[in-house]
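Sequential numbering from 1 along the given sequence is applied to the chain's residues. Predicted model only: the values in this text are computed from it and were never measured. Note: hydrogens, waters and symmetry copies are ignored here, and every other heavy atom, side chains too, is used.
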Amino acid sequence: MIRHCAYCLKSIEGDQIKKCAGCMRRTYCSRECQVKDWTSVGQSHKIWCKDNIGEEDIDWEVKETEGKGLGVFAKRFLPKHTKIMVDRGYRTIKETPFDFINSLMPHGGTLQEKWDLNSFFTKEGGDNLGIRLARVNHDCRNNATNKFIPDLNTFILVAIKDIQEGEEISIQYYFYNDFSSSKEVRDVRESVIKPKWDINCDNSCVCKNKEIVDAIQKGHELDELIFTLPIRTEDDIKASLKKVDELIEMGEKFASGIMPLARTYYDGFQIAITNKNTFPLHKKYIEKYLEACEVVDSKHSSNYAEALQYFNTPHLHKNSY
């Protein structure tokens with residue numbers, strides 16, 4: 001079986017394959033690559049070794065896909081919420097190893113052109129590049145989503161639905177169905193994805209479906225409304241939580257998985273704890289928020305640590321009555 005070095009990405013087989021003695025899944029071409037990958041120079045595998053993280057050649061593979069160049073495909077059934085990939089995030093061209101960034105599209109392009117095409121911008125961490133994540137293609141009907149975790153300097157790729165063996169794994173490069181984004185931000189989406197990634201969505205694409213587009217806008221308006229609602233009385237709070245539940249239901253139907261729902265779960269928690277009589281209602285929201293942080297941010301993140309603290313001691317939150 002041919003494997004790939006988890007750090008330098010070189011193809012290896014037979015006696016060349018050196019497995020991590022901890023997880024027995026991640027492989028290397030040399031001791032040098034393993035040492036780098038164990039630290040923050042690579043994936044920081046010492047953090048992830050005991051977690052059931054997807055690995056190349058076992059759970060997924062990079063191969064040619066028609067009309068797109070390379071893509072990432074499932075090598076086995078990947079259940080919803082599987083952490084498919086954990087990829088080191090590089091913050092600048094200078095810190096990215098030359099061979100890594102030079103292997104990316106566009107072939108023959110400058111390093112800056114490769115960076116611009118393959119890096120992701122996030123509000124939390126600015127521009128970041130994941131070498132393996134860069135092989136994952138866009139689809140408006142994505143079956144996975146990714147998030148950059150600044151305190152871990154890591155991208156996590158998570159399945160948002162069951163992915164079948166042989167199915168291409170896809171993400172959205174620019175979300176059409178993010179309730180937190182204004183209509184103005186969503187309206188410029190096409191002017192960004194066409195020139196940057198050569199993505200052309202025709203009228204049959206889900207992102208052009210009027211019923212869905214209208215529902216996303218309604219969700220955005222509801223998202224904006226929730227924190228303008230009064231929470232002075234028990235009845236006020238219950239009315240606000242009813243709106244939160246409505247937004248969660250819409251998110252489960254139209255949003256891309258659990259990641260965009262995390263903030264709404266947290267909103268419900270913050271609202272419920274403001275009154276002694278509604279305080280018990282917080283539990284369902286903090287439980288779902290903790291789950292979302294574990295799935296998308298991982299148990300190693302500061303977001304999860306904070307969520308766990310509020311799960312165990314909700315009275316420590318500043319909004320608590």
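- Between H315 and F279, the angle of the ring planes stays under 30°, which puts this pair in the parallel group of the 30/60° scheme.
- Between the side chain of N118 and the backbone N or O of M105 there is at least one donor-acceptor pair closer than 3.5 Å.
- The main-chain N or O of L152 is found under 3.5 Å from a side-chain atom of T154 such that the two form a donor-acceptor pair.
- Formation of a donor-acceptor pair under 3.5 Å by the S119 side chain with backbone atoms of W115 is found in this model.
- Taking both residues in full, the closest heavy atoms of L129 and F155 are given as C-CE1, 3.6 Å, listed atom of the first, atom of the second, then distance.
- For the salt bridge (charged side-chain N to carboxylate O under 4.0 Å, His left out) criterion with E168, the lone passing option out of K68, K63, R141 is K68.
- Within a 6.0 Å sphere centred on CD of E95, heavy atoms belonging to other residues, nucleotides or ligands number more than 12.
- Partner I271 forms a side chain to side chain contact (heavy atoms under 4.5 Å, CB included) with one of L241, T278, L281, D236 and no other, that one being L241.
- S256 and Q172 form a side-chain donor-acceptor contact under 3.5 Å, judged by distance and modelled atom types alone.
- Between M85 and V136 the shortest heavy-atom distance is CE-CG2, 4.4 Å.
- No hydrogens or angles considered: a donor-acceptor pair under 3.5 Å links the side chains of R91 and N153.
- Using modelled atom types, one finds no donor on one side chain facing an acceptor on the other under 3.5 Å when comparing Q34 with R26.
- At a cut-off of 3.5 Å, with distance as the only test, no side-chain donor of T233 or D235 sits close to an acceptor on the other residue.
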Are Y265 and L290 close enough, and set up right, to give a side-chain contact (heavy atoms from CB on, under 4.5 Å), and what steps lead you there? CA-CA 9 Å; Y265 296 141; L290 184 66; over 6 Å; no
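- Nearest heavy atom pair, residue D57 against residue I2, reads CG-O, 3.7 Å.
- Ion pairing between K276 and E234 fails under the 4.0 Å rule for side-chain N and carboxylate O.
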